[in-house]
Amino acid sequence: MPWKNNDPEVRLEKIYNGDQQAREELIKDYTPFILSVASKLSGRFIRLEDEEASIAMIAFNEAIDGYRKERGGFIAFAEIVIKRRLIDYYRREKKYRSQVPLAEELLVANSEESLYTRIEVEEYKIRLQEFNLTFAELVSQSPKHVDSRRQACQIGHTIAITAEYREYLLEKKSLPLKSLESDQRITVSRKTLERQRKYIIAVALIYIYDLETLEEYVNF
Amino acid sequence: MKKGILLEKHKRYWLVLTSQGEFKKISPKRSGEIGGEVSLGYSFSRMVLQAAALLLVFFLSASFFVSYTTVAAYVTVDINPSVELGLNRYGLVIDMKALNEEGQVVLPEKKFFRNLDDTVQEIVDSAISNGYLALDKEEENVILLGLSASDNLDRWTKELDEVVKHTSSSIGSGVEVKVINAGVDSEIRVRASELDMSLGKYLLYEKVESFVVDLDEDVLKESLGKGGIAGFAKELGVSPSELVRNADDKEKLKEVFRPGMPEDIKDDRGVNQPEDAPQGQVEQSPGDSQEKQGMPKDIPRGREFDGDDKPQGQNEVPIKGGPKRNIEGEEISED
């Protein structure tokens with residue numbers, strides 16, 4: 001793997017100094033990586049000719065421009081950008097598909113459906129990462145009792161549909177505890193809110209980013 | 001059945017979001033795609049596995065229970081109170097029964113699953129405190145242990161030897177403690193109980209019987225039942241401890257009886273007896289000798305002769321010595 005030997009950050013310096021050649025070389029060298037990210041996301045093998053491949057390459061190029069050294073390694077950053085762009089692409093695709101006549105949709109339904117939920121899960125994962133949350137962590141953070149889970153999910157929903165709370169959450173990366181406490185719709189104590197905050201955030205993100213399939217799982 | 005959406009796959013576990021909003025770790029299934037639905041109920045194969053495991057546990061514990069509660073050996077203790085103990089294969093007392101009224105007195109409280117040694121010790125102690133074992137009258141004191149095991153005779157013999165050693169040392173040398181062994185023949189115990197005798201007494205009787213021709217068997221049996229071994233020995237005119245001490249050795253037993261035995265027959269017996277099978281195999285020896293010598297049939301003999309055919313043996317008891325009379329009676333009635 002060529003890119004492993006050659007520190008991408010060093011090559012990025014050249015690119016930022018206006019070396020167009022270096023940019024093309026970097027993209028060329030990292031094409032296998034780009035394809036593997038796309039393949040991993042979609043769950044099927046992506047070849048260079050596929051539409052996903054070109055979207056992923058454009059995303060990679062975008063990542064070069066958007067990269068800031070202070071935010072960590074370039075590769076990790078590029079991976080997130082590629083995934084996001086692909087997710088956006090798949091969502092657009094889905095909307096388009098839903099306008100296709102029913103009979104035709106049924107033909108592709110099975111494989112497409114699982115692809116979309118897969119994309120949703122991948123997107124969810126990325127969104128959670130922004131809040132420093134992982135699925136593994138949420139396992140231990142899920143309220144044990146069904147009723148308390150249901151209550152927490154409702155709070156998450158409330159946050160997602162209330163613009164004020166939603167913006168607070170996305171901006172500050174934490175719950176607007178004070179406002180929630182005084183909200184009439186929320187009956188639980190601040191202590192409970194604090195204890196369940198990770199879970200509540202996780203649920204709120206599902207609603208905020210409109211992850212349809214996952215919504216079904218937290219709306220019970 | 002509960003369902004979940006597969007979020008993340010790891011080698012040893014999967015992470016899912018259940019339909020009840022719970023993030024959960026589950027063990028990997030055979031197949032599943034990220035974003036795909038997984039059922040969280042028990043899979044069929046897993047249920048089968050669990051059922052099999054449960055069954056296995058059940059059978060193991062059942063077989064253990066059976067082995068624990070099945071009598072592997074019977075030991076009778078005759079002082080004169082007679083007690084029968086049933087032992088499981090682990091050498092623990094799982095059954096005890098008084099074989100006569102005195103036995104009822106010395107029968108230990110029904111504490112089961114104790115080892116043989118302790119139980120016998122308690123019986124002996126109780127016999128002493130109830131006056132059945134008078135430690136000062138030397139001649140009268142005998143303890144006869146009868147053994148009948150379904151298998152593993154060596155082990156049981158060893159165990160009983162331990163008991164003998166213990167008992168002897170705890171009550172002093174004045175008491176003759178002896179083990180008399182039925183071998184692995186389970187029929188003997190049945191025959192003994194048919195005659196209302198303890199295993200030990202029956203074996204003793206069986207051994208002594210060949211030396212005694214001039215005494216009534218019924219009288220002997222009666223004395224064995226009522227007077228215990230001491231009474232039996234008295235009837236035979238020998239010392240109880242002598243009798244018991246030599247009970248398992250025909251040669252020596254012969255010595256004991258020689259003085260009191262009638263002229264001709266004793267010599268015949270004396271020559272023939274030692275040729276027979278070793279002690280423990282009592283079942284065959286008298287039967288064989290009986291055949292050789294063509295002796296008149298008497299009850300226990302007849303039974304032994306018939307060997308494994310129990311019901312027939314049973315039938316012979318009431319007819320004993322009677323056939324002649326019966327025939328005569330019939331003839332008379334016909335006339």
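Each chain gets a letter, A, B and so on, in the order the sequences are listed, and its residues count up from 1.
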Visitor: State, yes or no, whether a side-chain contact exists between Leu214(A) and Leu7(B) at a heavy-atom distance under 4.5 Å.
Guide: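 In contact.
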Visitor: Do other residues, nucleotides or ligands put more than 12 heavy atoms under 6.0 Å from the CD atom of Glu101(B)?
Guide: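 It does not: Glu101(B) CD has 12 such atoms or fewer within range.
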Visitor: Give the member of Glu8(B), Gln20(B), His10(B) that has the highest number of heavy-atom pairs under 4.5 Å with chain A.
Guide: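 Between Glu8(B), Gln20(B), His10(B), the count favours Gln20(B).
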Visitor: Where on Ile5(B) is there a heavy atom nearer than 4.5 Å to chain A: the side chain, the backbone, both, or neither?
Guide: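 Contact with chain A: backbone and side chain both.
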Visitor: Against chain B, label Val139(A) side chain, backbone, both or neither, depending on which of its atoms sit under 4.5 Å from a heavy atom there.
Guide: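 For Val139(A), the contact with chain B is made by backbone and side chain together.
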Visitor: Mind listing the closest non-hydrogen atom pair of Gly21(B) and Arg149(A) along with its distance?
Guide: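 Minimum heavy-atom contact is O-CD, 3.5 Å.
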Visitor: Heavy-atom count around Lys173(A) NZ within 6.0 Å, excluding the residue itself: above 12?
Guide: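 Correct, the count exceeds 12.
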Visitor: Which region of Lys25(B), side chain (C-beta onward) or backbone (N, CA, C, O), has a non-hydrogen atom less than 4.5 Å from a non-hydrogen atom of chain A, or is it both or neither?
Guide: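 For Lys25(B), heavy atoms of backbone and side chain both lie under 4.5 Å from chain A.
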Visitor: For the NZ atom on Lys9(B), are there more than 12 heavy atoms of other groups (residues, nucleotides or ligands in this structure) within a distance under 6.0 Å?
Guide: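 Yes, enclosed.
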Visitor: Taking CZ in Arg150(A) as the centre, count heavy atoms belonging to other residues, nucleotides or ligands within less than 6.0 Å. Is the count above 12?
Guide: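 Atom CZ in Arg150(A) is packed in, count exceeds 12.
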Visitor: Give, as side chain, backbone, both or neither, the part of Ala152(A) having an atom under 4.5 angstrom from any heavy atom of chain B.
Guide: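 Contact with chain B is absent: no heavy atom of Ala152(A) under 4.5 Å.
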Visitor: With a 3.5 Å distance limit and no angle check, can you tell me whether Arg118(A) reaches the backbone of Glu33(B) through a side-chain donor-acceptor pair?
Guide: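 Here the side-chain-to-backbone pair does not exist.
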Visitor: A quick test of your reading: do over 12 heavy atoms of other residues, nucleotides or ligands sit less than 6.0 Å from CZ of Arg47(A)?
Guide: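 For Arg47(A), atom CZ is not crowded (no more than 12 foreign heavy atoms under 6.0 Å).
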Visitor: Test Leu17(B) against Val218(A) for side-chain contact (heavy atoms from CB on, under 4.5 Å), laying out the working first.
Guide: CA-CA 8 Å; Leu17(B) 174 60; Val218(A) 290; 4.2 Å; yes
Visitor: Hey, what do you get for NZ (Lys125(A)) to CD1 (Ile34(B)), rounding to the nearest 0.5 Å?
Guide: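 Rounded to the nearest 0.5 Å, the NZ-CD1 separation comes to 6.0 Å.
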Visitor: Can you confirm whether Lys144(A) is buried at NZ, in the sense that more than 12 heavy atoms of other residues, nucleotides or ligands lie under 6.0 Å from that atom?
Guide: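 Yes, NZ of Lys144(A) has more than 12 neighbouring heavy atoms, counting only those of other groups under 6.0 Å.
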Visitor: Please check if atom CZ in Phe64(B) has more than 12 non-hydrogen atoms from other residues, nucleotides or ligands closer than 6.0 Å.
Guide: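 Buried by this count: over 12 neighbours within 6.0 Å.
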Visitor: Among Tyr217(A), Tyr199(A), Phe135(A), Tyr124(A), who wins on heavy-atom pairs under 4.5 Å with chain B?
Guide: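 Heavy-atom pair counts peak at Tyr217(A).
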